[in-house]
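In what follows, a structure is listed as structure tokens, so that the remarks can point back to it.
Quick caveat, the model's predicted, so the values are computed rather than measured. Numbering of residues begins at 1 and proceeds along the displayed sequence.
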Amino acid sequence: MINNPQQGPNPYLRTKVMTASREELRLMLYDGCLRFCHQAKAGLDAENFEQSYENLLKAQKIVLELSTSLNRDAAPEICDKLTALYNYVFKLLVDASMKRDGEKVDEAIRLISYERETWQLLIEKNNGHASGGSPSEQSQQTALSGLSKSA
């Protein structure tokens, strides 16, 4: 029997999610948000408003997850700034959906892309220090990896 994406999750994706670190899961959320934003933009360009609405809704849910999964105990100042950013992106996506405004989707894509790049750099830096380093580097590493709660 062929696995229909409408019937359930892709087994490969399920395995990938179940074996990913917290940092990799957050990166996957950024990737998913960007994918849905691009699909929504394509829907707006093709005047397929149902497609754009559905994909903007999915992107909004991911942005909400990004915001609510922050670990405020690890770095409260950074979390406050990220929460404000995520609230802004969420508002952009809602406005884009209501006004059918592709420019708002483009702005959301730019912001999420930047956050994804930043997160990727933090993961690489964190992995570079994982093999050793001074106690201050190790505590910084813990703070960086502690930005997201465990699943």
Please check this pair: side chain of Ser97 against backbone of Leu93, looking for a donor-acceptor N/O pair closer than 3.5 Å.
no
Kindly indicate, with the supporting measurements, whether the criterion side chain to side chain contact (heavy atoms under 4.5 Å, CB included) is fulfilled by Leu92 and Leu111.
CA-CA 11 Å; Leu92 282 173; Leu111 292 169; 4.0 Å; yes
Quick one: CG on Asp80 to CD1 on Ile78, what's the gap to the nearest 0.5 Å?
10.0 Å
Joint cluster assignment, Tyr30 & Tyr88, ILVMFWY side-chain distance < 4.5 Å
yes
Flag for Ser52-Arg100: side-chain donor and acceptor within less than 3.5 Å
no
Which heavy atom of Cys37 sits nearest a heavy atom of Val105, and at what distance?
O-CG1, 3.4 Å
Hey, could you give me the CD1/CG distance between Ile112 and Leu66, rounded to the nearest 0.5 Å?
6.0 Å
Residues Asp31 and Arg35 bridged, charged N to O under 4.0 Å:
no
In Å and rounded to the nearest 0.5 Å, what is the NZ to CZ distance from Lys61 to Phe36?
10.0 Å
Is the shortest heavy-atom distance from the side chain of Met98 to the side chain of Leu56 under 4.5 Å?
no
With a 4.5 Å heavy-atom cut-off, do Asp45 and Lys41 have their side chains touching?
yes
Write down the atom of Val63, the atom of Cys33, and the distance for their closest heavy-atom approach.
CG2-SG, 3.7 Å
Decide yes or no for Leu82 and Glu115: does some side-chain heavy atom of the first lie under 4.5 Å from some side-chain heavy atom of the second?
yes
Run the side chain to side chain contact (heavy atoms under 4.5 Å, CB included) check on Arg110 and Glu107 step by step: do they pass?
CA-CA 5 Å; Arg110 280 191 299 276; Glu107 185 175 356; 3.6 Å; yes
Taking everything shown except Glu103 itself, do over 12 heavy atoms lie less than 6.0 Å from its CD?
no
Rounded distance [0.5 Å steps], CD in Gln60 versus OH in Tyr86:
16.0 Å
Whether Gln51 side chain and Gln39 backbone form a donor-acceptor pair below 3.5 Å
yes
Hey, mind stepping through Leu70 and Arg26 against side chain to side chain contact (heavy atoms under 4.5 Å, CB included) and telling me if it holds?
CA-CA 10 Å; Leu70 294 171; Arg26 193 162 198 85; 3.1 Å; yes
When you measure from the side chain of Arg116 to the backbone of Leu27, do you find a donor-acceptor pair of N or O atoms at a distance under 3.5 Å?
no
So with a 6.0 Å cut-off around CZ of Phe49, is the heavy-atom count from everything else above 12?
yes
So do the side chains of Cys79 and Asn71 get within less than 4.5 Å of each other, counting heavy atoms only?
no
Can you tell if the side chain of Leu122 reaches within under 4.5 Å of the side chain of Trp119, non-hydrogen atoms only?
yes
Mind checking the CG-OG spacing from Asp106 to Ser113? Nearest 0.5 Å is all I need.
10.5 Å
Do Glu54 and Leu57 have side chains that get closer than 4.5 Å, going by heavy atoms?
no
With rounding to the nearest 0.5 Å, note down the distance linking CE in Met28 to OG in Ser21.
10.0 Å
Give me the atom names and distance for the closest heavy-atom approach of Thr83 to Ser67.
CG2-OG, 3.9 Å
